[in-house]
Amino acid sequence: MSEETQRNFRSVYYEKVGFRGVEEKKSLEILLKDERWDIEKLCTFCQRFPLPSMYRILVWKVLLGILPPHQETHPVVMVYRREQYKDVHHALEVIRFVNDSSPKIDVFLYMYQLETGKLSRSQMYTLQPQDELFLTIAAAMEEMVDDDVDCYWLIKNFVHHLDTKFRDSQQQLQKGFEHYLNIEDSRLVTHLKACSALDKLPYHLWFRKCFAGCLPPSSLQRVWDKLVSGSCKILVFVAVEILLTFKMKVMALNKADTINDFLEKVMFSIRTSLAVSEARTIITSPEEIQKT
């Protein structure tokens, strides 16, 4: 039996006994053994498979530029990252912008604003859309990451990553959504157009906030694996699966605002324990679509 045949046999066997992803984990561990990590190969892995939980934060930190590819430098670099975090946090305490009772995501926002030169002289100011995006991402990331230093750096660099990589992708994502939804169910697209709802769907939740606050952490992190690796197409597939999952209810609605309100409520209800199984189905299906 050839090595490739053996590998395929093992993969099928592992999946049958409930250990799906064992081969993928081994493949990732081989990549992580290199003294200098191959960023391109890591991105390719992330786009094909969900990252194992035990490696996710580390791989994210490398792909987002928090840590360099050379793994021997990781401990030293993280010491500097931690010191920078403490210095910025202390500066906010000195100017009395934060204290021990300040919400953590607010602290992260003030730190980010201070570092980017956008901190207001007064805390009584109206949040800008970019601030609201940061807070939404921060709230979601806080649920995934235990260490405050790691959490802040991941939020900061992920927001920057979204802004630089995908800022101009909104229209393309909407077109892609309509295209793939039409392939899967043309009647549903016709219905949305007849209701003038196709342009009024909650795209800001799907393609701007990247489902932050809409999916449970266990599902959201699998979506963000793809985003961190540089591909935003997963957002289209998740949105399509959501429409297909709730197709019957959407087809029963005839007003654009009603459809949008229903979908927004659905997005937030998916986070509840009653909808976790639906979320897992929604996240799994796009990965199968991407392989076709």
Side-chain angles (χ1 to χ4, degrees), residues 14-15 18-34 36-75 77-78 81-82 85 104-105 108 134 136-162 165-166 209-235 237-238 270-271 276 279-280 282-288 290-291:
Y14 285 139
E15 289 192 17
F19 290 98
R20 183 181 182 185
V22 171
E23 286 295 295
E24 287 79 3
K25 181 182 176 185
K26 289 182 178 179
S27 298
L28 177 62
E29 289 175 343
I30 291 173
L31 292 176
L32 300 185
K33 284 181 180 178
D34 292 339
R36 187 185 188 283
W37 292 358
D38 190 316
I39 300 299
E40 185 176 346
K41 288 182 179 179
L42 281 177
C43 288
T44 300
F45 180 94
C46 291
Q47 289 167 22
R48 293 187 62 192
F49 312 108
L51 283 166
S53 298
M54 65 186 297
Y55 296 119
R56 176 169 281 113
I57 301 305
L58 178 58
V59 172
W60 280 11
K61 287 198 290 185
V62 172
L63 294 185
L64 291 173
I66 299 165
L67 291 174
H70 298 85
Q71 62 172 315
E72 64 178 11
T73 65
H74 290 179
V77 172
M78 276 313 301
R81 297 298 192 197
R82 199 167 294 275
Y85 174 93
K104 196 175 295 182
I105 61 172
F108 290 156
F134 186 98
T136 303
I137 297 295
M141 191 72 77
E142 188 184 10
E143 293 184 303
M144 304 179 198
V145 185
D146 295 327
D147 183 85
D148 287 352
V149 176
D150 282 348
C151 190
Y152 170 67
W153 280 101
L154 284 168
I155 295 164
K156 172 184 173 181
N157 284 38
F158 186 55
V159 168
H160 177 73
H161 178 73
L162 295 177
K165 277 269 186 179
F166 308 129
K209 296 184 177 180
C210 306
F211 295 97
C214 301
L215 297 174
S218 59
S219 300
L220 184 63
Q221 59 194 9
R222 294 161 67 93
V223 174
W224 285 9
D225 284 344
K226 317 300 182 192
L227 295 177
V228 168
S229 65
S231 175
C232 61
K233 201 171 184 179
I234 184 68
L235 300 176
F237 293 133
V238 175
I270 286 178
R271 285 182 54 83
V276 168
R280 287 174 180 163
I282 288 168
I283 299 306
T284 302
S285 300
E287 291 179 353
E288 298 303 319
Q290 283 185 295
K291 293 177 184 177

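- L235 is not listed as a side-chain neighbour of K226, based on a closest heavy-atom distance of 4.5 Å or more.
- Side-chain contact between E24 and P50 is absent, with no heavy atoms from C-beta onward closer than 4.5 Å.
- Between D148 and R82 there is no salt bridge, since no side-chain N of the basic residue sits under 4.0 Å from a carboxylate O of the acidic one.
- Using a 4.5 Å heavy-atom threshold, the side chains of L32 and L42 count as touching.
- Relative ring orientation between F158 and H161 is described as parallel, the plane-to-plane angle staying below 30° on a 0-90° scale split at 30° and 60°.
- Looking only at atom types and distance, the side chain of N157 has no donor-acceptor partner in the side chain of W60 under 3.5 Å away.
- In this structure, P52 and L28 have side chains that are in contact, with non-hydrogen atoms separated by less than 4.5 Å.
- Side chains of L67 and L58 form a contact here, defined as non-hydrogen atoms less than 4.5 Å apart.
- Within the 4.5 Å cutoff, the side chain of C210 has no heavy atoms near those of the V223 side chain.
- At distances below 3.5 Å, at least one donor-acceptor pair connects side-chain atoms of D225 with backbone N or O atoms of L51.
- Among the candidates L63, I57, V62, the single residue satisfying the side-chain contact (heavy atoms from CB on, under 4.5 Å) test with V59 is L63.
- Formation of a donor-acceptor pair under 3.5 Å by the D34 side chain with backbone atoms of R36 is not found in this model.
- Under the 4.5 Å side-chain criterion, counting only non-hydrogen atoms from C-beta, P75 is not in contact with M78.
- The main-chain N or O of V149 is never found under 3.5 Å from a side-chain atom of R81 such that the two would form a donor-acceptor pair.
- Side-chain atoms of F49 and K25, non-hydrogen and from C-beta on, never get closer than 4.5 Å to each other.
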